[in-house]
Amino acid sequence: MARIQSLRGFNDILPSDSAAWQHVEACAREVFAAYGYGEIRLPLLERTELFKRSIGEATDVVEKEMFSFKDREGDSLTLRPEGTASTVRAGLEHGLLHNQQQRLWYAGPMFRHERPQAGRYRQFHQFGVEAYGMAGPDIDVEVIALSARLFKRLGLSGLSLELNSLGGAETRANYRAALVEFLKKHEASLDADSQRRLAINPLRVLDSKVPATQAIVRDAPAIVDYLDADSRAHLDGLRQGLSDLGIAHVVNPRIVRGLDYYTKGVFEWTTTQLGAQGTVCAGGRYDGLVEQLGGSPTPAVGWASGVERLLLLMKAQSPNLPTHAPDVYLCWIGEAGRRAAAPLAERLRDALPRLPLVLHAGAGNLGAQMKRADKCGARVALVLGEAEAARQVVQVKSLRENIPQAECAWAELPARLAGLLKPN
RNA sequence: GUGACCGUAGCUCAGUUGGUUAGAGUCCCGGAUUGUGAUUCCGGUUGUCGGGGGUUCGAGUCCCCUCGGUCACCCCA
């Protein structure tokens with residue numbers, strides 16, 4: 001009989017990995033709090049129309065990557081492919097964006113119907129920040145500094161920050177016209193994909209990896225030369241602010257972003273250590289989106305980061321990620337030991353609520369129990385037999401360090417075990 | 001959506017030009033040690049060889065289809 005398996009690209013996160021996930025999430029939460037960002041929790045399902053109107057009809061995400069379906073009333077619904085659209089929708093719905101500043105963060109699963117590969121899954125997890133109501137580059141600098149601090153906290157190295165500016169709507173239109181004019185002259189020499197993009201989304205041609213196309217694109221007009229004064233000043237301010245904070249970056253005129261709502265400054269954190277999916281965090285300014293979704297004109301900037309990619313990178317860079325290994329394994333022998341063990345375990349948990357302690361359950365002689373204690377990664381095994389129960393003591397055996405086994409009275413145990421608690 | 005490679009025990013894998021009853025390591029269980037793990041020794045359990053069809057006296061092995069995985073294209077976090 002065929003067993004039911006998870007859907008393609010939908011992964012289970014097992015206990016052997018979930019400690020590392022929790023660590024990343026906890027670090028992110030702390031950093032968001034340190035900058036005064038408030039969490040917003042959003043539904044996973046939205047009206048399809050929301051994503052069409054925000055991300056853009058002609059983008060790949062909307063054209064062919066959304067999990068969309070009709071519900072029982074015949075409405076078209078979509079599992080969210082990203083978080084920004086929902087954040088704006090919720091902000092407008094609850095009046096969060098009207099004439100005020102907001103610093104928000106979110107975290108959770110996103111869904112895109114793509115062919116899975118390293119660092120790319122159909123259900124993947126992002127956390128992101130969004131800041132509303134602040135037009136100057138100082139807030140762009142802030143969200144980037146926040147991301148840099150987070151990556152540092154996670155122990156990541158070797159990431160590089162690339163910036164570009166897409167300008168406002170007007171410069172984008174001007175630049176687009178100039179670019180199309182240039183590319184038309186070389187149309188015959190472009191690869192097939194780029195020829196197709198020329199008609200649909202010419203900016204993406206800049207991003208092509210085909211060598212022949214790259215050679216042509218090298219001489220193409222650069223958007224930087226078309227920037228309006230406002231966008232120009234914004235980019236300069238952003239760069240200055242980053243330099244003031246010592247955050248290294250390069251301007252890469254070829255980074256474009258596949259979502260239509262971006263304006264002015266956009267950026268990506270990338271690594272060369274993750275194969276083809278090297279972008280670990282990306283974002284930018286989207287000053288037009290709030291108005292586009294029915295609000296008043298509101299400046300906005302934000303980014304999103306992929307948790308799976310961060311974890312892949314952490315695994316590649318640091319050999320020991322956190323685990324769920326308990327500190328203490330309590331073994332017992334005989335009926336008297338068994339009956340004394342559970343109350344003792346509860347007393348220890350009362351005294352040391354954060355001490356992970358596993359009480360042996362089920363069958364198994366002492367040898368088997370010690371084996372379990374070792375295998376589950378405990379640092380200390382406690383042994384409680386008939387003799388110990390009668391005298392209200394336990395044997396304390398260190399499993400990881402060369403410390404002789406010693407006896408300890410129940411009353412002294414909390415003090416003795418407190419030293420095992422991990423800092424923080 | 002396109003392409004390449006790969007599917008044999010819970011895990012990592014071997015399996016000869018097609019040839020008896022499909023193997024190893026690991027893991028797990030028991031014992032050597034009726035109360036001491038990680039080392040050692042002994043014994044034991046673990047299989048729809050991804051699924052279906054075909055060729056053949058005979059298929060884990062060859063062919064076709066299909067499903068799944070990995071990586072890349074594309075795209076993006």
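As the structure is a prediction and not an experimental result, all values here were calculated from the model. In what follows, chains carry the letters A, B, and so on, assigned in the order in which the sequence lines appear, proteins first and then strands, with residues in each chain numbered from 1. Reckoned from all heavy atoms, side chains included, excluding hydrogens, waters and symmetry mates.
The residues A:Asp374 and A:Arg400 are annotated as salt-bridged, a charged nitrogen and a carboxylate oxygen being separated by less than 4.0 angstrom. Salt bridge present: A:Arg349 and A:Glu346 bring a charged side-chain N and a carboxylate O closer than 4.0 Å. Ion pairing between a basic and an acidic side chain is recognised when a charged N comes within 4.0 Å of a carboxylate O; A:Arg103 and A:Glu130 show no such pairing.
The nearest whole Å value for the distance from the CG atom in A:Leu274 to the C1' atom in B:C71 is 14 Å. For the pair A:Arg400 CZ and B:U39 C1', the interatomic distance rounds to 14 Å; values are reported in whole Å. Residue A:Gln273 contributes atom CD, which lies 20 Å from atom P of B:A77 at whole-angstrom precision. Nucleotide B:U39 holds its P atom 17 Å from the CG atom of A:Asn402, rounded to whole Å. Protein atom CD of A:Glu114 is 12 Å distant from nucleotide atom P of B:G1, rounded to whole Å. Regarding A:Glu308, its CD atom lies at a distance of 18 Å from the P atom of B:C76, rounded to whole Å. Rounded to an integer number of Å, the gap from A:Phe67 CZ to B:C76 P is 17 Å.
Surrounding CZ of A:Arg339 are at most 12 heavy atoms belonging to other residues, nucleotides or ligands under 6.0 Å away.
Among the nucleotides B:G35, B:A72, B:A77, the one closest to any side-chain atom of A:Val383 is B:G35. For A:Arg112, the listed nucleotide lying nearest its side chain is B:C76; candidates were B:C76, B:C73, B:G37. Comparing B:G37, B:A77, B:G68 against the side chain of A:Ala282 picks out B:A77 as the nearest.
To the nearest 0.5 Å, atoms CD (A:Gln369) and OH (A:Tyr329) are separated by 6.0 Å.
RNA chain B is contacted by both A:Gln126 and A:Gln277; A:Gln277 maps to the nucleotide lying nearer its 5′ end (nearest heavy atom per residue). Across the interface with RNA chain B, nearest-nucleotide mapping of A:Pro116 and A:Glu268 shows A:Pro116 to be the residue nearer the 5′ end.
Taking only distance into account, the side chain of A:Arg120 never meets the base of B:C71 through a donor-acceptor pair shorter than 3.5 Å. Not a single donor-acceptor contact under 3.5 angstrom links the side-chain atoms of A:Arg8 to the base of B:C67. Remark: the A:Gln405 side chain and the B:U36 base include a donor-acceptor N/O pair separated by less than 3.5 Å. A donor-acceptor contact under 3.5 Å is not formed by the side chain of A:Lys375 with the base of B:G37. Not a single donor-acceptor contact under 3.5 angstrom links the side-chain atoms of A:Gln117 to the base of B:C76.
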**Message:** For a side-chain hydrogen bond (donor to acceptor under 3.5 Å, both in side chains) check, start with the C-alpha distance between A:Gln292 and A:Tyr286, then their side-chain angles and the critical distance, and finish with the verdict.
**Reply:** CA-CA 10 Å; A:Gln292 202 176 310; A:Tyr286 51 99; over 6 Å; no
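Taking a 4.0 Å limit (strictly below) on heavy-atom distances, residues 361-371 of chain A reaches RNA chain B at A:Asn365, A:Leu366, A:Gly367, A:Met370, A:Lys371.
At least one side-chain heavy atom of A:Leu242 sits less than 4.5 Å from a side-chain heavy atom of A:Leu161.
Contact annotation for A:Ala373: no contact, since no heavy-atom pair falls under 4.0 Å across all strands. Counting any heavy atom pair closer than 4.0 Å across all strands shown, A:Val280 reaches sugar-phosphate atoms only and no base atom. Using a 4.0 Å heavy-atom distance criterion, A:Gly119 is classed as a base contact. At the heavy-atom level, A:Tyr121 lies under 4.0 Å from base atoms of the strands shown. Within the 4.0 angstrom heavy-atom criterion, base atoms lie near A:Ala387. Residue A:Gln123 is classed as having no contact, given no heavy-atom separation below 4.0 Å to the nucleic acid.
Note on ring orientation: taking the six-membered ring where Trp is involved, the planes of A:Phe67 and A:Phe111 are perpendicular (angle over 60°, cut-offs 30° and 60°). Classification of the A:His186-A:Phe182 ring pair by plane angle, with boundaries at 30° and 60°, yields tilted.
Close to B:C74, at under 4.0 Å from its OP1 or OP2, lies no side-chain N or O of A:Lys64. Phosphate contact (OP1/OP2 of B:U36, side-chain N/O of A:Arg372, threshold under 4.0 Å): absent.
In this structure, A:Phe127 has its ring center at least 6.0 angstrom away from the ring center of A:Tyr37.
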**Complete:** Its dot-bracket string being built from Watson-Crick and G-U pairs below 3.5 Å, with | for another strand and [ ] for crossing, RNA chain B has the pattern (((((((..((((.....[...)))).(((((.......))))).....(((((..]....))))))))))))....
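No donor-acceptor contact under 3.5 angstrom links the side chains of A:Ser165 and A:His234, judged on distance only.
Taking the P atoms as reference points, B:C27 lies 15 Å from B:U12, given to the whole Å.
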